[in-house]
Chemist: 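Got a structure for you, written out below as structure tokens; questions coming shortly.
Naming: A, B, ... by sequence-line order, numbering from 1 per chain.
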Number of protein chains: 2
Amino acid sequence: MSSKITIHDVARQSGVSIKTVSRVLNREPNVKADTRDRVQAAVAALHYRPNISARSLAGSKAYLIGVFFDNPSPGYITDVQLGAIARCREEGYHLIVEPIDSTAADLEAQIAPMLATLRMDGVILTAPVCDHPVVLAALEREGVPYVRISPGGELDRSASVGMDDRLAAYEMTKHLIGLGHSDIGFIMGHPDHGASRARHQGFMAAMADSGLTVRSERVEQGYFSFRSGFEAAERLLGGEDRPTAIFASNDDMALGVMAVANRLRLNVPETLSVAGFDDTPGAKVVWPQLTTVRQPISAMAGAAADMLLNGVTWEEGDAPPSKLLDFELVIRESTGPAAT
Amino acid sequence: MSSKITIHDVARQSGVSIKTVSRVLNREPNVKADTRDRVQAAVAALHYRPNISARSLAGSKAYLIGVFFDNPSPGYITDVQLGAIARCREEGYHLIVEPIDSTAADLEAQIAPMLATLRMDGVILTAPVCDHPVVLAALEREGVPYVRISPGGELDRSASVGMDDRLAAYEMTKHLIGLGHSDIGFIMGHPDHGASRARHQGFMAAMADSGLTVRSERVEQGYFSFRSGFEAAERLLGGEDRPTAIFASNDDMALGVMAVANRLRLNVPETLSVAGFDDTPGAKVVWPQLTTVRQPISAMAGAAADMLLNGVTWEEGDAPPSKLLDFELVIRESTGPAAT
DNA sequence: ACGCAATCAGACAGCGCTGTCAAGAATGAA
DNA sequence: TTCATTCTTGACAGCGCTGTCTGATTGCGT
């Protein structure tokens with residue numbers, strides 16, 4: 001156990017005051033270059049590392065960023081964490097992860113203590129927690145800045161980052177239409193998830209813009225789960241009268257569609273084209289591989305962390321900062337020309 | 001922003017000293033029941049929450065547990081986090097996640113500062129980081145206790161939790177044999193991952209115990225990835241002479257096998273049985289659903305956290321504590337009777 | 001009733017750092 | 001040269017809590 005070496009040791013070693021060492025460590029101005037070099041040499045020589053608890057107790061920063069999530073897909077969570085961490089590391093911040101059960105009755109009692117004890121410098125919220133009124137209220141009451149990733153509404157309540165779900169769905173639909181499909185089924189996402197509506201709108205708009213009508217029985221309600229996609233697909237593909245393509249609001253559901261197609265011996269993409277959304281790892285793990293939309297998840301989380309680290313603020317009355325990142329259509333083998 | 005209320009306020013409100021409040025908060029003995037109640041009432045009334053930085057600076061605990069990982073599957077990571085958090089919350093601890101790039105040349109420089117600044121109370125290590133000599137050495141030098149999940153070797157170097165990979169593979173193989181299969185292909189896992197060898201051994205042992213011989217061309221090297229499973233399956237299933245069942249060392253590779261089977265129009269399980277290992281979310285997201293082994297990942301992480309929270313220690317010379325949890329064979333539709 | 005041990009409560013000194021303020025050194029303008 | 005500025009540094013007081021030690025109560029045996 002390396003006996004902890006303190007700022008004091010560095011000060012002694014470099015012949016300056018403890019406060020000057022602190023200044024160097026925090027990149028404060030007004031330190032002579034020569035002095036700074038001496039201090040940095042001592043820091044390196046002693047392998048000195050500031051104690052985060054002491055820093056945050058004495059100062060105003062905690063060097064901690066939180067990530068709240070309520071079990072969306074594991075791949076999503078992991079990407080968010082990686083994106084946020086990458087940015088935090090550069091600044092010496094660390095990530096606290098907090099799974100939130102947004103259906104819990106005592107949600108308030110769960111997170112309020114946590115916010116108060118940790119006093120994090122900021123929190124990144126993912127769907128669906130990012131739209132949960134109790135969570136947002138608690139954050140605001142405790143004065144903890146937060147950035148939401150792909151919030152479903154109340155865009156002017158906080159800073160946020162996201163992507164244009166509507167446009168992405170629009171373009172994917174156009175891709176299908178361009179392939180010759182005119183009878184396309186759509187599976188909606190979970191109604192609590194903000195992106196669901198945007199994706200549905202994008203689909204409808206693309207159809208309308210191409211002069212295509214959407215029969216109401218071609219739109220099914222799903223819940224973002226494999227099972228819900230599977231069941232929706234059974235309804236969509238059960239009879240003789242079936243669409244030539246199905247666009248599911250996320251990959252898990254698209255995978256459910258593929259499973260049904262497989263079971264019904266409908267060849268993908270010859271008989272049925274299938275498109276998903278998210279580009280989860282699972283998309284590459286089916287055969288044929290899934291055409292989908294790649295969300296810049298890591299980048300969104302990185303941008304969120306960035307806002308937090310730079311101190312998101314905005315004028316009362318102005319719209320809070322918000323960043324829209326680019327998505328990417330990933331065309332793989334599950335979509336093909338419509339059978340004629 | 002709720003103006004921070006301190007232990008001082010609670011002391012005043014309940015008419016006791018600040019130290020007594022501290023005693024109540026830390027469940028220390030020698031506090032009269034009556035006094036404790038008064039203090040607790042004040043705590044509740046004021047919504048007081050101790051400041052974690054102050055606590056860890058003054059005391060010896062940091063209330064922080066770390067989780068190190070180097071991108072195994074997202075599902076695995078998430079399960080580990082959930083399992084660890086559940087246990088940590090009960091004790092008021094929080095989780096710091098740190099992705100580690102174990103191939104980085106400056107690994108030491110990456111983690112040493114982190115260990116020194118955070119002074120975590122313990123760290124949970126997952127494969128493959130749990131077998132990385134530099135990481136282990138750094139942890140030991142800094143005196144940070146750690147528990148490894150499914151380590152690949154050096155079992156007496158630290159406390160660990162795991163499951164009996166060898167036995168699980170043995171039983172899965174027996175399941176296949178019981179179905180009438182005698183010509184079974186096996187895809188090994190990543191050589192750096194400790195469990196790979198155990199699973200291979202279990203497979204070989206079960207075959208030998210049943211008087212079956214394994215032709216060397218029936219055992220392929222894989223790397224736990226979908227792609228490696230896919231390629232191994234192509235070799236295994238490419239010719240006329242093919243096994244009637246394939247046991248892949250993890251689900252991702254098994255999914256690769258299924259994709260190849262699909263492509264070759266080999267019906268699963270009629271013509272080919274496929275078994276995986278891990279029970280990742282993907283296992284349920286294929287059709288037919290995958291027969292696999294369920295690892296108690298959350299439970300293992302919970303047990304690891306538990307050891308850390310209770311202070312893992314062992315006598316010099318004794319074997320460190322180690323906990324083996326139960327696995328479970330999950331028989332789904334991808335395995336069936338051997339074609340006769 | 002008395003004495004001794006066990007139980008309970010408080011005073012006090014930091015933990016390792018940063019914020020504030022004030023003093024000394026260096027610079028520039030007059 | 002002198003005085004006003006700016007730059008550079010250090011002394012000092014905590015941040016909010018816990019560990020230690022000491023003093024005040026209580027219980028109980030005789």
Chemist: For V31(B) and for R49(A), find the nucleotide of DNA chain C with the closest heavy atom, then tell me which residue's nucleotide is more 5'.
Modeler: V31(B)
Chemist: For the backbone of S14(B) and the side chain of R38(B), can you confirm whether one donor and one acceptor N or O come within less than 3.5 Å of each other?
Modeler: yes
Chemist: Take the protein atom NZ of K32(A) and the nucleotide atom P of dG10(D), then report the distance between them rounded to whole Å.
Modeler: 10 Å
Chemist: For E91(A) and Y63(A), test the side chains for any donor-to-acceptor distance below 3.5 angstrom and give the result as yes or no.
Modeler: no
Chemist: Round to the nearest Å and state the distance from D34(B) atom CG to dT7(C) atom C1'.
Modeler: 15 Å
Chemist: What is the distance from CD1 of I7(B) to C1' of dC15(D), rounded to the nearest Å?
Modeler: 14 Å
Chemist: Side-chain N or O of T20(A) versus OP1/OP2 of dG10(D): is the shortest distance under 4.0 Å?
Modeler: yes
Chemist: Check the side chains of Q110(A) and E98(A) for a donor-acceptor pair under 3.5 angstrom, ignoring hydrogens and angles.
Modeler: no
Chemist: Run the side-chain hydrogen bond (donor to acceptor under 3.5 Å, both in side chains) check on Y76(B) and Q295(B) step by step: do they pass?
Modeler: CA-CA 10 Å; Y76(B) 187 86; Q295(B) 290 209 54; 5.3 Å; no
Chemist: Measure the distance from CG on L118(A) to C1' on dC15(D) and round it to the nearest whole Å.
Modeler: 17 Å
Chemist: Below 4.5 Å, heavy atoms only, C-beta onward: do R119(B) and S56(B) meet side chain to side chain?
Modeler: no
Chemist: For the pair made of CZ in R119(B) and C1' in dC17(D), what is the distance, rounded to whole Å?
Modeler: 17 Å
Chemist: Please report, rounded to the nearest Å, how far the P atom of dT18(C) is from the NZ atom of K19(A).
Modeler: 7 Å
Chemist: Regarding T117(A) and R49(B), do their side chains bring together a donor and an acceptor under 3.5 Å, going by distance alone?
Modeler: no
Chemist: Does the side chain of Y48(B) reach to within under 4.5 Å of the side chain of D9(B), using non-hydrogen atoms?
Modeler: no
Chemist: Rounded to whole angstroms, how far apart are CD1 on I18(B) and C1' on dG19(D)?
Modeler: 13 Å
Chemist: Looking at DNA chain C, which of residues 51-66 of chain B put a heavy atom within less than 4.0 Å of it?
Modeler: L57(B), A58(B)
Chemist: Could you go through K323(A) and D306(A), starting from their C-alpha distance and side-chain angles, then the distance that decides it, and tell me whether this counts as salt bridge (charged side-chain N to carboxylate O under 4.0 Å, His left out)?
Modeler: CA-CA 11 Å; K323(A) 201 163 178 177; D306(A) 203 56; 5.4 Å; no
Chemist: CZ/R87(B) to CD1/I65(B) distance, rounded to the nearest 0.5 angstrom?
Modeler: 10.0 Å
Chemist: Using a cut-off of strictly less than 4.0 Å between a heavy atom of the residue and any atom of DNA chain C, enumerate the qualifying residues of residues 23-30 of chain B by number.
Modeler: R23(B), N30(B)
Chemist: Ignoring backbone atoms, test whether S22(B) places a side-chain nitrogen or oxygen under 4.0 Å from the OP1 or OP2 oxygen of dT18(D).
Modeler: yes
Chemist: Closer than 4.0 Å, any side-chain N/O of T35(B) to the OP1 or OP2 of dA9(C)?
Modeler: yes
